[in-house]
2 protein chains.
Amino acid sequence: MKRNSRLSLALHTLSHMAGEPAQVRTSSDIAEHAGTNPVVVRRVLGRLRDAGLLSSEKGHAGGWRLARAPQDITLADVYLALNESLVASTEEPETAECSLEHALHRRVADVLEDVEKTLIHRLSETSISEIRGA
Amino acid sequence: MKRNSRLSLALHTLSHMAGEPAQVRTSSDIAEHAGTNPVVVRRVLGRLRDAGLLSSEKGHAGGWRLARAPQDITLADVYLALNESLVASTEEPETAECSLEHALHRRVADVLEDVEKTLIHRLSETSISEIRGA
DNA sequence: TCATCATGCAACTATCGCAGTTACAAAGAA
DNA sequence: TTCTTTGTAACTGCGATAGTTGCATGATGA
């Protein structure tokens with residue numbers, strides 16, 4: 001696993017859960033299926049739980065399950081829960097030496113903001129229940 | 001300097017050049033202004049030269065200058081020249097274990113492709129001659 | 001011709017983000 | 001009380017890339 005792995009892992013897991021919403025899955029099971037580590041799974045899914053997409057329980061028969069109906073969880077929800085910016089933000093130039101620098105940054109930041117809105121809008125059009133394998 | 005620095009450096013430098021297109025600038029001058037290193041400048045501007053946006057010359061009175069009129073160089077040109085993906089691409093899952101994984105990847109990749117087109121379109125609406133400080 | 005000044009480029013170091021891992025505490029169920 | 005599972009801190013390893021050093025190459029002008 002390499003890059004954008006958090007989003008991939010989250011979406012992959014949720015898509016599976018959407019197919020069988022009643023089933024509870026442990027971090028170990030999920031990690032094994034995703035080819036990664038239980039701790040990594042808990043780190044990523046923890047964010048989704050904090051965002052109200054998943055619930056987790058400890059102890060015997062504990063694990064992870066959807067906190068909402070699958071059709072009420074969109075790709076945008078997941079994207080926002082992870083605070084993943086697929087649209088990179090150019091950071092503010094801290095040393096405010098040059099006015100051109102500022103004008104430029106504002107211009108680019110405006111464009112990126114618009115583009116991110118477009119991205120989120122597009123992602124919100126698909127729920128995790130709509131992902132189906134071939 | 002930290003992240004997205006190539007694009008920042010390139011745009012910043014080109015914007016300055018747009019204000020005085022006749023002037024030739026050395027890597028050292030540019031690096032000093034941008035708070036970085038001449039070699040880094042040459043690395044970044046080299047890509048812009050390869051893309052036909054800049055020209056460079058060695059020797060006395062050598063250095064960098066615009067290869068086109070400033071109003072004919074858009075932010076999109078710079079973005080594309082650097083091959084910077086501000087829209088992160090989710091890489092193809094190499095181990096094709098799971099069909100859901102594929103369906104998911106295709107869906108997300110489609111959205112990202114569209115979004116990147118939007119980004120480039122938006123960037124192409126502004127030329128480097130249109131950036132003005134306060 | 002030759003010294004000088006610039007780019008071009010290869011190689012190395014430093015740093016940062018992040019996945020992966022280990023270890024253990026906390027909590028819930030049998 | 002014991003087993004199972006999450007929660008979390010701390011560390012390691014790796015990849016990307018800015019920064020740096022050193023030197024070759026080419027252009028200019030005295």
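What you see below is based on every heavy atom in this structure, not just the backbone, and it leaves out hydrogens, waters and symmetry mates. Each chain gets a letter, A, B and so on, in the order its sequence line appears, and its residues count up from 1.
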K.L.:
Side-chain N or O of A/T26 versus OP1/OP2 of D/dT4: is the shortest distance under 4.0 Å?
P.N.:
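So the side chain of A/T26 is outside the cut-off, no N or O lying under 4.0 Å from OP1 or OP2 of D/dT4.
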K.L.:
In whole angstrom, give the distance that lies between atom CG of A/L9 and atom P of C/dA19.
P.N.:
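Result: 9 Å.
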K.L.:
Output all residues satisfying salt bridge (charged side-chain N to carboxylate O under 4.0 Å, His left out) with B/E113, sequence neighbours left out; order by chain, then residue number.
P.N.:
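Salt bridge (charged side-chain N to carboxylate O under 4.0 Å, His left out) check on B/E113 returns nothing, list empty.
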K.L.:
Run the side-chain contact (heavy atoms from CB on, under 4.5 Å) test against A/D29 and tell me which residues pass, sequence neighbours left out.
P.N.:
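Checked A/D29 against side-chain contact (heavy atoms from CB on, under 4.5 Å); matches are A/T26.
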K.L.:
Is the shortest side-chain N/O distance from B/S28 to OP1 or OP2 of C/dA6 below 4.0 Å?
P.N.:
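No, outside the criterion.
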K.L.:
Report the residues that fulfil side chain to side chain donor-acceptor pair (under 3.5 Å) with B/Q71, sequence neighbours left out, ordered by chain and then residue number.
P.N.:
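Partners of B/Q71 under the side chain to side chain donor-acceptor pair (under 3.5 Å) test: none.
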K.L.:
How many whole angstroms separate atom CG of A/L7 from atom C1' of C/dC18?
P.N.:
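Atom CG in A/L7 sits about 15 Å away from atom C1' in C/dC18.
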K.L.:
Whole-Å distance between D/dG7 C1' and A/L48 CG?
P.N.:
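Answer to the nearest Å: 15 Å.
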K.L.:
Please report the distance, rounded to the nearest Å, between CG in B/D29 and P in C/dT7.
P.N.:
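Spelled out: CG on B/D29 to P on C/dT7 is 9 Å.
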K.L.:
Strictly under 4.0 angstrom, non-hydrogen atoms only: write out the protein contact profile of nucleotides 20-30 of chain D, one letter per nucleotide from the 5' end, B, S or -.
P.N.:
BB---BBBB--
K.L.:
So, OP1 or OP2 of D/dT5: does either fall under 4.0 Å of a side-chain N or O from A/S27?
P.N.:
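Indeed not, no polar side-chain atom of A/S27 lies that close.
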K.L.:
Who are the salt bridge (charged side-chain N to carboxylate O under 4.0 Å, His left out) partners of A/R122, not counting sequence neighbours?
P.N.:
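Residues passing salt bridge (charged side-chain N to carboxylate O under 4.0 Å, His left out) with A/R122: A/E125, B/D114.
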K.L.:
Give the rounded distance in Å between these two atoms: CD1 of A/I30 and P of C/dG20.
P.N.:
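My rounded result for the distance is 15 Å.
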K.L.:
To the nearest Å, how far apart are A/R49 CZ and D/dT5 C1'?
P.N.:
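Rounding to the nearest Å, CZ of A/R49 and C1' of D/dT5 are 13 Å apart.
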K.L.:
Look at atom CZ of B/R106 and say whether more than 12 heavy atoms of other residues, nucleotides or ligands are closer to it than 6.0 Å.
P.N.:
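Incorrect, the count does not exceed 12.
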K.L.:
Output the rounded distance in Å from CZ (B/R47) to P (C/dG8).
P.N.:
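The distance from CZ of B/R47 to P of C/dG8 comes to 14 Å, rounded to the nearest Å.
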K.L.:
For residues 55-64 of chain B, please give each side-chain donor-acceptor pair under 3.5 Å, one per line with the distance, not counting sequence neighbours.
P.N.:
unit_1: B/S56; atom_1: OG; unit_2: B/R49; atom_2: NH1; d: 3.4
unit_1: B/W64; atom_1: NE1; unit_2: B/S27; atom_2: OG; d: 3.1

